[in-house]
Protein chains: 2
Amino acid sequence: MTRAMTEQPTRKTLPRLDESLLTHLPPFSRLEKRQIRTILDQASSRRYESGAAVFNEGDPAERFYMLLDGYVRVVRITPTGEQVTALHIPAGQLLGIAKAIGRETYPATAMTATESIVLSWPTSLWDTFVAEYDGFASETYKTLGHRVGEMNTRIVELATQQVEQRVANAILRLINQTGRKVEGGIEIDFPITRQDLSELTATTLHTVSRLLSSWEKRGLVESKRKRIKVCDPHALVVLSQG
Amino acid sequence: MTRAMTEQPTRKTLPRLDESLLTHLPPFSRLEKRQIRTILDQASSRRYESGAAVFNEGDPAERFYMLLDGYVRVVRITPTGEQVTALHIPAGQLLGIAKAIGRETYPATAMTATESIVLSWPTSLWDTFVAEYDGFASETYKTLGHRVGEMNTRIVELATQQVEQRVANAILRLINQTGRKVEGGIEIDFPITRQDLSELTATTLHTVSRLLSSWEKRGLVESKRKRIKVCDPHALVVLSQG
DNA sequence: CCCGAAGTTTGCGCCAGAGCAATATCGCGC
DNA sequence: GCGCGATATTGCTCTGGCGCAAACTTCGGG
């Protein structure tokens, strides 16, 4: 139920950032090398441990971020201390873009799911980015649109599907976003606990554990501590349609 | 469970639109009378019966809309035909703003909950509006931000609250958005069925009916067919916190 | 190598709320 | 004023999955 609050990320400015970090990322892909240089020179870079908070729900939105490497979970914490995961963000996406939707504070907490590398800029630069950099605004809003779609899907799932289907869907989505092909199947390439999955699917870690056990018996998945490998994706898809 | 699809809105261009329709609405409030005139001249206006679809999920987003009067429910329909209400939109807000989030199609269906009056413009004008009209973009994104917040809240509610709390919350939200003060309480000022409420809270009409009956016995609400009046809002708030 | 913390598995009982079904009521159209 | 379809109420049953509890496994640190 309640989870320990993990804390404080070690700040660390990396030597010097290379332009190639950004050139292939959608929000920046239409920009000149020179522009990217400017952007990088204004950025700070930070490494976060796994489980660290990049920003917290309700904090003033002083910076916006680009996740260079790792995974981030966007979670909300209820008055009773339960966590609900609203979204998973893979490397290469912006986060903390409260400004884009006219907010002064972050609407949710962002926690790293693995060790992660993050760039950030002060929110005061947001308007400049939007105005000066071709494609930045439109790509950002595309990301936003995608997230809205995901949230919508999650609402529909929560409203209509059984737990088994939700868990199957969640795993499939993780596999799609972050699957790594391995011997005998596809693995979610970051550590994920039963607890994490239960927060993602609005159930308990017990139920998730039972489901995984049962699937493992049937040969659909294999899982060790914090690792899940899907051996028969198609069967999972069938399950998820229920 | 499944609902009849109601259909086709009667098109009707009203005589001539008055500038005062828009001057006080946030997206247009900073504009000159002259600009508003231009905007109105490009708009078409339409009246929809209660229960009509303004646009459907998946349709190409050819127009965007401003709800002048009435209420609109934004719903998604599952493969099995169940409806899930994602959002309620009161008069004075934009809808169908797929373009704002980089989408080419509408992500959900918008159905009127009452007879409604709607203005619309071709999506091709979107960029012009954003570029030419001061405050239009920022107000739009504020609306969007607000909706994202609502969706988030709904996810958390679905994930953590009991049915009774969800129904109480839903009613309170409707009262806040659209409450009309009447003799002995506050009433939701559009017709809403048990079925509608169940789609809003991801439960069944039976359960909603039972809850309302029980609340009525305790004097918290009074309800007739399609009408709900809250007599003791505070008690409902207490319930909703559970 | 051992210990403790974190993560996982599994059994059991229970209950909120869904499903089913029958009946009652409302209000519109003719 | 009547009849029918849409809406609402209520009783009964059945079950998914949660809460609780206890044991087991894995891993990292000293």
Side-chain angles (χ1 to χ4, degrees), chain A residues 1-6 49-51 78 80-84 113 115 157-168 170 188 190-218 221-229 239 242, chain B residues 1-6 49-51 78 80-84 113 115 157-168 170 188 190-199 201-217 221-229 239 242:
Chain A
M1 172 164 273
T2 314
R3 296 202 346 161
M5 253 323 194
T6 46
E49 316 267 320
S50 173
T78 68
T80 59
E82 289 149 292
Q83 295 194 5
V84 178
E115 179 181 341
E157 277 185 20
L158 286 174
T160 63
Q161 300 191 321
Q162 305 272 97
V163 170
E164 182 169 46
Q165 299 164 35
R166 296 207 303 268
V167 175
I188 297 175
F190 61 87
I192 185 163
T193 65
R194 310 290 186 258
Q195 168 87 339
D196 292 333
L197 263 178
S198 74
E199 283 166 8
L200 205 53
T201 51
T203 179
T204 58
L205 74 161
H206 308 280
T207 300
V208 171
S209 175
R210 280 184 252 268
L211 285 171
L212 286 175
S213 297
S214 128
W215 292 345
E216 184 142 15
K217 272 199 200 88
R218 291 191 263 156
V221 303
E222 277 171 39
S223 72
K224 325 187 222 314
R225 167 179 259 240
K226 292 194 177 187
R227 290 274 150 207
I228 297 174
K229 181 172 77 180
L239 258 187
Chain B
M1 172 164 276
T2 314
R3 289 180 26 139
M5 255 319 196
T6 44
E49 316 266 320
S50 174
T78 68
T80 60
E82 290 149 292
Q83 294 193 7
V84 178
E115 178 180 341
E157 276 185 22
L158 286 174
T160 63
Q161 300 191 321
Q162 305 273 95
V163 170
E164 182 170 46
Q165 299 165 33
R166 296 207 302 268
V167 175
I188 296 174
F190 61 87
I192 185 164
T193 65
R194 309 289 187 259
Q195 168 86 338
D196 292 334
L197 263 178
S198 75
E199 283 167 9
T201 51
T203 179
T204 59
L205 73 161
H206 309 279
T207 301
V208 171
S209 177
R210 281 184 251 268
L211 285 172
L212 286 175
S213 298
S214 125
W215 293 346
E216 184 141 16
K217 273 198 200 91
V221 304
E222 277 171 38
S223 74
K224 325 186 222 313
R225 170 178 259 242
K226 291 195 179 190
R227 289 276 150 206
I228 297 174
K229 181 172 76 179
L239 258 187

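Keep in mind it's a predicted model, so treat the numbers as computed, not measured. Residue numbering restarts at 1 for every chain, and letters A, B, ... go by the order of the sequence lines.
- Rounded to whole Å, the distance from CG on B:Leu212 to C1' on D:dA8 is 10 Å.
- Checking D:dT9, C:dG19, C:dT8 against every side-chain atom of B:Ser213, the shortest atom distance belongs to D:dT9.
- As a whole-Å value, the separation of B:Ile228 CD1 from D:dT7 C1' is 13 Å.
- When atom types are taken as modelled, the side chain of B:Arg166 and the backbone of B:Gln161 share a donor-acceptor pair closer than 3.5 angstrom.
- For A:Arg210 against C:dG11, a side-chain N or O and a base N or O form a donor-acceptor pair under 3.5 Å.
- The shortest distance between the side-chain N/O atoms of B:Thr203 and the OP1/OP2 oxygens of C:dG17 is not below 4.0 Å.
- Taking atom CD of residue B:Glu199 and atom P of nucleotide C:dA18, one finds them 13 Å apart after rounding to whole Å.
- Here the shortest heavy-atom pairing between A:Leu158 and A:Ala202 reads CD2-CB, 3.6 Å.
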Going through the checks in order, is the side chain to side chain donor-acceptor pair (under 3.5 Å) test met by A:Thr203 and A:Thr201? CA-CA 6 Å; A:Thr203 179; A:Thr201 51; 5.5 Å; no
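- Distance, A:Leu205 CG to C:dT10 P: 13 Å, rounded to whole Å.
- Between C:dG19, D:dG17, C:dG7, one nucleotide has an atom nearer to the side chain of A:Lys226 than all others, and that is C:dG7.
- Distances shorter than 4.0 Å separate some side-chain N or O of B:Ser209 from OP1 or OP2 on D:dT9.
- Between the side chain of B:Ser209 and the backbone N or O of B:Leu205, no donor-acceptor pair lies under 3.5 Å.
- The side chain of A:Thr207 contributes an N or O atom lying less than 4.0 Å from OP1 or OP2 of D:dC18.
- Nearest nucleotide to the B:Val163 side chain, out of C:dG17, D:dG19, C:dT8: C:dG17.
- The closest side-chain heavy-atom distance from A:Lys217 to A:Ser214 is not below 4.5 Å.
- Note on B:Thr204: a side-chain N or O is less than 4.0 Å away from OP1 or OP2 of C:dA18.
- Annotation: side chain of A:Phe190 is not in contact with side chain of A:Asp196 (no heavy-atom distance under 4.5 Å).
- Distance from the side chain of A:Gln162 is smallest for D:dG17 among the nucleotides D:dC20, C:dG19, D:dG17.
- From one end of the helix from C:dC1-D:dG30 to C:dC30-D:dG1 to the other, with five pairs defining each end axis, the axis direction shifts by 40° (rounded to 10°).
- When atom types are taken as modelled, the side chain of A:Thr193 and the backbone of A:Lys226 share no donor-acceptor pair closer than 3.5 angstrom.
- Between A:Glu222 and A:Glu216 there is a side-chain heavy-atom pair separated by less than 4.5 Å.
- Distance, B:Leu211 CG to C:dG17 P: 8 Å, rounded to whole Å.
- In this entry the distance linking CH2 of B:Trp215 with C1' of D:dT9 reads 16 Å, nearest Å.
- A 4.5 Å side-chain heavy-atom check between A:Leu197 and A:Ile228 finds at least one atom pair inside the cut-off.
- Rounded to a whole Å, the CD atom of B:Gln195 is 13 Å from the P atom of C:dA18.
- When the P atom of C:dA18 is taken as reference, atom CD of A:Gln161 falls 16 Å away, rounded to whole Å.
- In this structure the side chain of A:Ser223 never reaches within 4.5 angstrom of the side chain of A:Lys229, judged on heavy atoms.
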Going 5' to 3' through nucleotides 22-30 of chain D, assign each nucleotide B (protein heavy atom under 4.0 Å from a base atom), S (under 4.0 Å only from sugar-phosphate atoms) or - (no protein heavy atom that close). ----BS---
